[in-house]
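Heads up, the thing below is written out as structure tokens.
Numbering of ligands and ligand atoms starts at 1, following listing order.
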Amino acid sequence: MADTPNASGEPGELYLDAAATEPVSPAVIEAMTPFLTEAYANPASVHQPGKTAARALDAARASFAAALGTRPDDVIFTSGGTESDNLAVKGIAMARMRKLGLRPVYGLDETDGKQLASSRPRIIISAIEHPAVAQSAAWLHEWFGCEVVRIPVDAQAHLDLDALERELDGEASERTTIVSTMLANNEVGTVEPVEELVRIAHAHGVPIHVDAVQAAGQIPIRFRDWDVDALSVSGHKFGTPKGLGALLVRGRTPIEPVLSGGGQERGLRSGTQNVAGAVALAIGLNESNARMQAQYRELVASRDMLIDAVLRVVPRAELTGDPVRRLPGHASFVFPGVTGEALLVDLDARGIAASSGSACAIGRHEIPATLLAMGLEPSIAKSALRMTFRRPLAREQIERVSLALEESYAGLTRR
Ligand code: PLP
């Protein structure tokens with residue numbers, strides 16, 4: 001977190017938007033550089049430099065897999081969370097449609113949809129998915145006529161497990177190609193009960209994909225123990241350059257590639273492999289996991305201290321998401337009476353970089369979708385502000401943030 005005084009002695013920028021992205025760790029840069037300069041060969045080449053690159057790729061894959069509680073064969077390197085989510089949702093849905101003998105239904109309108117309801121392939125997602133999952137499901141609806149079922153969430157953004165059970169009951173489960181849900185929510189930080197979700201999906205014979213983009217490096221991931229079928233992660237959330245990620249997929253899980261080409265990564269992700277990128281993912285995740293282990297309690301304590309301070313200085317503010325089962329460095333609120341956007345701009349002018357909820361909505365200033373799904377009124381949901389950090393905040397930083405928020409809120413509500 002950059003918080004050093006600037007040249008004029010003023011306190012520097014306080015970056016509280018780690019859920020959007022993190023800086024690249026110096027250890028990552030150091031570890032990946034040799035694979036950009038000296039050991040740059042294509043790992044598929046048969047010559048010695050190629051073999052050196054292939055060995056580095058294997059080592060990175062093994063280390064990365066171990067950090068996620070799985071085996072090297074389960075790792076498919078991709079260009080990030082968005083690609084991993086697309087590969088999982090589209091790839092598994094398409095493979096399962098073929099396996100279950102479900103025919104795509106093209107050019108569907110609403111009337112056709114109702115008539116064909118009992119034969120349409122289904123996809124179950126939650127009501128709070130990132131657009132990478134929600135739009136992949138929408139694409140399958142558009143091009144294959146899939147029925148997209150959204151599982152609602154409660155006021156703290158926990159998935160309604162009974163609703164999931166109900167949606168998987170009876171004949172509908174035979175048409176259900178995939179369940180896709182997040183592990184930790186990007187807007188409010190709530191952590192979902194992954195083992196319960198897996199148990200329910202598997203009891204009905206349906207594979208489950210978990211979007212762990214916000215969770216990896218922040219809370220432990222145990223892919224094999226949880227018995228998940230596919231799981232997405234994104235490197236820039238744990239200290240690698242942007243544009244790097246992975247999908248973990250079990251060998252048993254039916255899945256089709258979405259990219260055609262030379263057949264790298266078990267045929268699931270064609271394209272010359274990014275050896276330096278794989279090294280970065282392994283180093284970044286291990287570093288984040290080590291920090292998580294060493295600082296978890298301290299991080300949670302500072303998060304809770306920040307939450308208390310904010311609620312004290314702005315009594316009308318409310319914490320969003322689960323107060324306990326939430327990511328350790330994630331504090332999110334609504335501030336009735338102002339817009340999140342106005343607060344964000346005002347805080348930015350005071351040197352504090354926060355977010356209104358989802359980086360993807362920035363520039364469009366959409367109302368955070370998770371908050372609407374949690375049942376908040378649009379006018380309240382619009383007042384969302386999220387502060388996310390990977391390292392424990394110092395007491396002075398918490399004081400600085402709460403003072404700035406107190407002044408910002410007072411100023412904006414006076415206008
Ligand atoms: N899934 C979730 C939950 C996210 O928060 C994000 C990004 O913020 C993504 C997917 C997309 O990841 P990427 O930015 O690597 O494409």
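- When non-hydrogen atoms are compared, ligand 1 lies under 4.0 Å from the side chain of Asp85 (C-beta onward) but not from its backbone.
- Heavy atoms of Glu83 stay at 4.0 angstrom or farther from ligand 1.
- If you look at Thr82 next to ligand 1, the close heavy atoms, those under 4.0 Å, come from the backbone and the side chain alike.
- Residue Lys237 holds the heavy atom nearest to atom 8 (O) of ligand 1 of all those in Glu187, Lys237, Lys242.
- In the model, Thr190 has no side-chain atom that pairs as donor or acceptor with a side-chain atom of His158 under 3.5 Å.
- A side-chain hydrogen bond (donor to acceptor under 3.5 Å, both in side chains) with Ser232 is found for one member of Asn86, Asp85, Asp211 and no other, namely Asp85.
- Ligand-side atoms of ligand 1 in range of Ser234: 13 (P), 15 (O), range being under 4.0 angstrom from any heavy atom.
- Below 4.0 Å from some heavy atom of Gly80 lie the following atoms of ligand 1, by number and element: 15 (O).
- Every atom of ligand 1 with a heavy atom of His236 under 4.0 Å away is listed here by number and element: 13 (P), 14 (O), 15 (O).
- Interface of Met182 with ligand 1, defined as ligand atoms under 4.0 Å from a residue heavy atom, comprises 3 (C).
- Side-chain polar atoms of Ser383 and Thr339 form no donor-acceptor pair below 3.5 angstrom.
- The shortest N or O to N or O distance between Gly81 and ligand 1 is under 3.5 Å.
- A side-chain donor from one of Asn286 and Ser63 sits under 3.5 Å from a side-chain acceptor of the other.
- Listed for the Thr177 side chain is no donor-acceptor partner under 3.5 Å among the backbone atoms of Ala93.
- In this structure, the side-chain hydrogen bond (donor to acceptor under 3.5 Å, both in side chains) partners of Ser126, at least two apart in sequence or on a different chain, are Glu129.
- Under a 4.0 Å criterion applied to the non-hydrogen atoms of Asn186, ligand 1 contributes the atoms 5 (O).
- The atoms of ligand 1 that sit less than 4.0 Å from any heavy atom of Asp211 are 1 (N), 2 (C), 3 (C), 10 (C).
- Sorted by first and then second residue, the ring-ring contact (aromatic ring centres under 6.0 Å, His included) pairs involving residues 56-101 (not counting sequence neighbours) are Phe64-Phe77.
- Within a 6.0 Å radius of CD in Glu407, more than 12 heavy atoms belonging to other residues, nucleotides or ligands are found.
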